[in-house]
Amino acid sequence: MKRWNGWGDINKHKPLSNMAYNYLTNLLGKFDITPDIEQKILLKSIPNSKISNSFLNTNPLDRLLHARGQSFPDWISFKHGRIDSFPEAVAYPETQEDIKKIIHFAKYQELSLIPYGGGTSVAGHINPNPDSRVITLNMQKMNSVLNINITNRLADIQAGANGLQIEHQLNSQGYTLGHFPQSFEYSTLGGWIATRSSGHQSYYYGRIEDLFYNGIIENLNGSIPIKGFPASAAGPDIRQFILGSEGRLGIITKANMRIRKLPEKEVFYGVLFKNWKLGENAVRTAVQQDLQVSMMRLSDSTETLVNFKLSGENKFVNIAEKYLPKLGFSSNRCMLIFGVTGKKKKVNQTIKEARSIFNTFKSSPLIKYIGKSWNKNRFLIPYIRNSLWDAGFGLDTIETSIQWDKVNFMSEELKKTISVTFEGLGERVLVFSHLSHIYKEGASIYVTYIFRRKSNPDELLIIWETVKKAVSKKIVEVGGTISHQHGIGVDHKPFVHFEKGKLGLDAISSVINTFDPNGMFNPGKLID
Ligand SMILES: Cc1cc2nc3c(=O)[nH]c(=O)nc-3n(C[C@H](O)[C@H](O)[C@H](O)COP(=O)(O)OP(=O)(O)OC[C@H]3O[C@@H](n4cnc5c(N)ncnc54)[C@H](O)[C@@H]3O)c2cc1C
């Protein structure tokens, strides 16, 4: 069962070791822990729904569970019971016909509809606006791989299927979609398409926009096929309207996705560089020399240290801390995790090439244990947010992407901005970053910050808002995208015009008005 006010399955935990707890409290200070609000108290505060219909669920628990996603403000809302808007009802369609019925009911009743996949949005995508009456349409019952066309290497998949369900069904036939965002257990195909999601191994498999071939979107115009071709020169590609549409055009009901045969071999390694500059140059060189890895993730020195501390593998960490400096890997060391996926022979050859390129940058030997452990725990890592919260700490992340000649500058500026903002608020912060997705022309930068939380939710929200605003301004100023993979929702909306320009926003607005002239689908998200 899913946690109602935190991340993930209630039976899964990533506990905070004593080593990690002591490290954080020494750095950030202790916090007097206030208990989270009890669900039963929160349920009593939910106003009665004003709509009813046999295919709608209006019970308070369903409405509570669909009121917020997974952003930091969403966590404050759930943990402190400060939720000012709930859907009037939640629908769980099982067929295309159910969806049609719900859309027509919503039109008749002048209600908005919010398409809901896994609710893992970290940018406020699925939160009902306080001033609108909403039905949230949870797609999770439409979760089947309907057909695999082996000849065309395409799989027809219902949009409500989550990562686990998709891989389970495809793997049993020898195939994979290869889309592994860290929210993989819960996020869905429809959500990935609607937010332009990126998986860990997108370097090899492609981002969701590379995997999306064609699909169906349902709105008041009926079922609209969004056609795909191996390639087409017939003007602008309509598929690009759907990618990143954030629920504003209608409900994506299914999509044909490019699939691959399960790889013959897949391995992950850790490798250390003596400092950031060497590490960054190594990954840039590797990608520009077409090294056929499936992923590369380079942590700065602080993140390398924090990952050691939070790993819970104290024995390994103590040995590493004792011997690494003797080998020249002092406190500036940066950890790269990389993966190689594909045919056995090609994988073995790529590992050799990787070793040779990284050696040029004075790397450590390739360490299989670290890569293996990262792969084993990669979907468990987000569970640390639960343990951190319980121990009195908040964690949030910022992400962008930019060209190589500005990657280091952007990364440093973002960390500095976060530190200075916390200093101004009289608080301490632990901030670190990694390059999460590598491209020939640049990289995505993923910054994490951990801080002591406040017992007063207003104060906590002000901290978050102040940091978010300062960092978003900095991203724009340095020239990065406001989101590499999380989308716009409401949290990034004030900054999207810097990227798209007025004409661009007008064009997006026209597309939305054309698909959804009644303004019925997820109003207020992406653009005003
Ligand atoms: C712990 C954690 C780790 C994460 N890691 C990653 C990561 O590695 N990579 C990454 O890209 N993102 C990541 N995210 C962000 C999030 O998982 C993605 O944005 C994901 O694509 C959202 O999918 P979802 O199914 O949960 O969509 P939801 O959160 O339910 O919805 C997101 C948006 O998509 C729309 N939508 C959903 N389904 C449909 C549909 N069928 N038709 C039309 N619109 C629809 C919604 O209306 C909304 O606007 C992470 C989030 C968390 C909490």
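Both counts, for ligands and for their atoms, begin at 1 and track the order of listing. Owing to the predicted nature of the structure, the values given are computational and were not obtained by experimental measurement.
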Shell of residues surrounding ligand 1, defined by a 4.0 angstrom heavy-atom cut-off that is strict: W7, Q70, P115, Y116, G117, G118, G119, T120, S121, V122, H125, I126, M139, A159, P181, Q182, S183, S187, T188, G190, G191, W192, A194, T195, S197, S198, E246, G247, G250, I251, I252, P382, Q485, H486, N522
Pairs satisfying ring pair (Phe, Tyr, Trp, His ring centres under 6.0 Å), at least one member in residues 508-528, at least two apart: none
Residue list, ring pair (Phe, Tyr, Trp, His ring centres under 6.0 Å) with H200, at least two apart or on another chain: W374, F379
Non-neighbouring partners of F86 that pass ring pair (Phe, Tyr, Trp, His ring centres under 6.0 Å), sequence neighbours left out: none
Under-4.0 Å salt bridge between D390 and R385: no
Salt-bridge criterion met for K12 and E185 (N-O under 4.0 Å): yes
Candidates Y449, W7, F393, F451 - the one meeting ring pair (Phe, Tyr, Trp, His ring centres under 6.0 Å) with F72: F451
